[in-house]
Amino acid sequence: MPGEFERHDGTWIVWPESGTNWRDGARPAQRAFVEVARAIAASEEVSVGVSERQWENARVALPDDVRLVELTTNSSWVRDHGPTFVIDAHGRRRGVDWRFNGYGLARERYYSATHDDAVARKILEYERLDRYKAPIVLEGGSIHVDGEGTMITTEDCLLNPNRNGDLTRLQIETALRAYTASEVVIWLGRGAIDDITSGHVDNLCCFARPGVVLLAWTDDPGDPMSDVCLDARRRLEAATDARGRSLEVRLVPMPPAQYRTSDEAAGVDRAAESTLSAAAGDRLTATYVNFYIANDLIAVPLFDERTDEAALEVIAEAFPDRRVVGLPSREILLGGGNIHCITQQVPAPARVVSA
């Protein structure tokens, strides 16, 4: 599995429309998605999966150079229900189709995952790529790799009994190794507080390049995220990657805690049984490390003027060869994720030189 910072042939996004996940009929979220698609399209090709009933609306809103593909989904988190792209020993692109069960909540209050569980297979059909059907439940946002055999994940998510409750840590790690060619799996503990995903790693840290990790960080001892960040830092600094290196950990300041307002809560459709909890006062999972690495730019969520600039500066220093673009993303955040969650990179196939 290549690192996200390696060259892409394109990016996938899925158009938001569910009123049980997004407020005001998803119109504010759609505007935010358009700005993300527009920014990335300046760097690489963008494909947007969209339902038949929203196709015309999306076509009018999105730039002409963004490709639309008719796709039925339950949600817009293509990072999680889309395929994980890998490169085989001959340099050919392939895709892993993990099982998807709606973050373990498909049978509770979140949403039906019937359509979402088929998204990876459909995208791979559109891309005309062979598919590896994996035997475990996994969302793409729960793993990050360095492209050289090292993976980072969290116990909070992958060991949650609502994902693979009948499997041991060793069995899960064996599957991760088999389907991504990871040699070393670094296990962090908890993920972000109040994260509907049960602690996806992409809200906590990511690789900037092999050997360098960006970690969400707060110095506020009164914030429950403080203990989460400190534990993650200790584990990362104690770890050795697949090449035998210690990791350099760079700290990305977190924004002040973000909470859902009463107006934002009022806009969510509560009539449907599958409605995600969206009460006023809910803490939102806001971290700057939920950014997307495109070929020529980094698309970073913006939250608060008091911390945006400092976070962008750390990220820019980690990616000196890319332009850093800050994008207002609160409407995406209200749905439960952010820019990394709504994007999925299609890596370029590798050049293999014959002996």
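For the numbers below, each heavy atom of this structure counts, side chains included, while hydrogens, waters and symmetry mates do not. No experiment lies behind these values; they were computed from the predicted model shown.
Of the charged side-chain nitrogens involved, none lies within less than 4.0 Å of a carboxylate oxygen, so that Lys122 and Glu125 do not count as a salt-bridged pair. A salt bridge links Asp9 to Arg93: at least one charged side-chain nitrogen sits closer than 4.0 Å to a carboxylate oxygen. Salt-bridge formation is not detected for the pair Arg94/Glu127: no Lys NZ or Arg NE/NH1/NH2 atom is positioned less than 4.0 Å from an Asp or Glu carboxylate oxygen. Between Asp304 and Arg306, at least one side-chain N (NZ, or NE/NH1/NH2) sits under 4.0 Å from a carboxylate O, which counts as a salt bridge. A salt bridge links Glu173 and Arg177; the closest N-O separation between the charged side-chain nitrogens and carboxylate oxygens is under 4.0 Å. With salt bridges taken as basic N to acidic carboxylate O contacts below 4.0 Å, one links Arg23 and Glu331.
Side-chain rings of His8 and Tyr292 approach one another, their centers coming within less than 6.0 Å. Aromatic ring centres of Phe303 and Tyr288: separated by under 6.0 Å.
Partners of Phe33 under the ring-ring contact (aromatic ring centres under 6.0 Å, His included) rule, at least two apart in sequence or in another chain, are Trp22. With sequence neighbours left out, Tyr132 forms a ring-ring contact (aromatic ring centres under 6.0 Å, His included) with no residue at all.
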Show me the side-chain donor-acceptor pairs of residues 231-239 shorter than 3.5 Å, one per line, residues at least two apart or across chains.
residue, atom, partner, partner atom, Å
Asp231, OD2, Arg235, NE, 3.0
Arg233, NE, Glu237, OE2, 3.1
Arg235, NH1, Glu155, OE2, 3.2
Arg235, NH1, Trp187, O, 3.3

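Between the side chains of Tyr126 and Ser47, no donor-acceptor pair of N or O atoms lies under 3.5 Å.
Looking at every heavy atom in both residues, Gly147 comes nearest to Glu6 through CA-OE2, 3.5 Å.
In Arg59, the CZ atom is crowded: over 12 heavy atoms of neighbouring residues, nucleotides or ligands sit closer than 6.0 Å. The number of heavy atoms from other shown groups lying within 6.0 Å of CZ (Arg330) is above 12.
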Exercise. Would Asp97 and Arg131 satisfy salt bridge (Lys or Arg N to Asp or Glu O under 4.0 Å), going step by step from the backbone distance to the final call?
Worked result: CA-CA 7 Å; Asp97 178 2; Arg131 177 178 68 115; 2.8 Å; yes
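A side-chain donor-acceptor contact under 3.5 Å links Asp146 to the backbone of Glu148.
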